[in-house]
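Quick notes on the structure that follows.
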There are 2 protein chains.
Amino acid sequence: MSDLLERLRGRGWRMTAQRRVVAEVLNGEHVHLTADEVHARAVAKLPEISRATVYNTLGELVTLGEVLEVSTDKRAKRYDPNAHRPHHHLVCARCGAIRDVHPTGNPLADLPDSERFGFTVSDVEMTYRGLCPNCASA
Amino acid sequence: MSDLLERLRGRGWRMTAQRRVVAEVLNGEHVHLTADEVHARAVAKLPEISRATVYNTLGELVTLGEVLEVSTDKRAKRYDPNAHRPHHHLVCARCGAIRDVHPTGNPLADLPDSERFGFTVSDVEMTYRGLCPNCASA
DNA sequence: GCTTGACTTAGACAAAGTCCATTGTAGGAT
DNA sequence: ATCCTACAATGGACTTTGTCTAAGTCAAGC
Ligand SMILES: [Mn+2]
Ligand SMILES: [Mn+2]
Ligand SMILES: [Zn+2]
Ligand SMILES: [Zn+2]
């Protein structure tokens, strides 16, 4: 996504082949890859790219707010390039498929003061779970 | 919690010292311990208990539905004995403190059909984030 | 084209969790 | 009370996920 690359250059990033490849891999809708998956796909395009660089680049992208870290399952973190439109996730309990969803309503308003324990609440993250069409029919 | 031990015995569990200790450790309100924390506290009561046994027992308790697995941070899973009253979590972004919360409203109803992608949606998990009173004042 | 500091690399290290062969024991049978 | 045995516990090897570092490389400004 040259959009992203443009923004990164604007932030003073050196444009290396490795960073370009990671940005390319993280492109599309409903993309939620683990670091290892990103690495595997990056290696397909640039065989000598190292695991450390993938982790570094992902970490930098997260710090810059260009990519989100998502932990829908309890295994590896997943990296989500859809950072500019707030959304939640719908996860298949069997196969792990993940879709971006946009529920209506304001869940922050649904947490009464008596349930806030004096916290300053700023954000809520929702994970819907169920079965995808494939897994439901099997 | 002899309640829990009673139920486990009813399910045909052998009552070993190790299982008793793990059940004891997982007792109280707003308890969300990692496996290692459970192990550390178990060792204090029964020095020879092994890590593998703690993991095994926690896994069995989760399978039986007596304990919930929670992943509020992106590190280790946490084990939650409050499995019999549905609830969500409020997490301090700085210190990691976790409270059980009970939002009003029905988040499942807030996911329109057009946002379900053909999934059979059965459950939703909400994680509120913010700062606890301590961390907010610091 | 140099230069230089930012970037990449391989591999060591660490944390969280799983697996397995062996040893131990809870609890029913005698 | 003792025996038996299927179930449970153990320690350690192994895997997965992620971090760190020292040494080498190269993007980009001059
Ligand atoms: Mn997403
Ligand atoms: Mn809880
Ligand atoms: Zn599925
Ligand atoms: Zn705090």
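Letters A, B, ... mirror the listed sequences (proteins, then strands); counts begin at 1. Everything numeric in this text was worked out from a predicted model, so none of it was measured.
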Worksheet, complete the sentence: Quick note, side chain to side chain donor-acceptor pair (under 3.5 Å) partners involving residues 104-124 of chain B, not counting sequence neighbours, are A:H102-B:E115
Worksheet item: Could you state the NE2-P distance from B:H39 to D:dG11, rounded to the nearest angstrom?
Response: 8 Å
Response to the item:
When rounded to whole Å, the CD to C1' distance for the pair B:E48 and C:dG24 reads 12 Å
Worksheet item: Under 4.0 Å: is that the gap between some side-chain N or O of B:Q18 and OP1 or OP2 of C:dT25?
Response: no
Fill in: Residue pairs involving residues 126-138 of chain B (criterion side chain to side chain donor-acceptor pair (under 3.5 Å); sequence neighbours excluded)
A:E125-B:R129
Practice prompt. Measure from CG on A:D73 to C1' on C:dA16 and round the result to the nearest Å.
Written response: 14 Å
Worksheet item: Whole-Å distance between D:dG18 P and A:R75 CZ?
Response: 10 Å
Practice prompt. Just grab all the side chain to side chain donor-acceptor pair (under 3.5 Å) pairs involving residues 59-70 of chain B, residues at least two apart or on different chains.
Written response: B:R7-B:E66, B:R11-B:E66, B:R19-B:E60, B:E66-B:H84
Worksheet entry | For atom NZ of B:K77 and atom P of D:dT16, their distance in whole Å | 14 Å
Worksheet item: Rounded to the Å, how far apart are A:K74 NZ and D:dT15 P?
Response: 25 Å
Item to complete: Report yes or no: do A:D100 and A:H88 form a side-chain donor-acceptor pair below 3.5 Å?
Response: no
Fill in: Minimum heavy-atom distance between A:L131 and A:C92, given as atom pair plus value
CA-SG, 4.0 Å
Practice prompt. Would you mind building the protein contact string for nucleotides 23-30 of chain D? One character per nucleotide, 5' to 3', B for base within reach (heavy atoms under 4.0 Å), S for sugar-phosphate only, - for untouched.
Written response: ---BBS--
Worksheet item: Got a second to check how far B:C132's SG is from A:F117's CZ, nearest 0.5 Å?
Response: 12.5 Å
Worksheet item: Which residues in residues 51-61 of chain A have at least one heavy atom lying under 4.0 Å from any atom of DNA chain D?
Response: A:R51, A:A52, A:Y55
Discussion item. What is the distance, to the nearest angstrom, from the CZ atom on A:R19 to the P atom on C:dA6?
Written reply: 11 Å
Discussion item. Pairing donors with acceptors under 3.5 angstrom, does anything connect the side chains of A:H30 and A:H32?
Written reply: no
Worksheet item: Within the side chain of B:E24, is there an N or O that forms a donor-acceptor pair under 3.5 Å with the backbone of B:V21?
Response: no
Discussion item. Side chain of A:S50 only, heavy atoms from C-beta on: which candidate in D:dG18, C:dG17, C:dA10 is closest?
Written reply: C:dA10
Practice prompt. Using the test salt bridge (Lys or Arg N to Asp or Glu O under 4.0 Å), find all partners of A:K74 that sit at least two apart in sequence or belong to another chain.
Written response: none
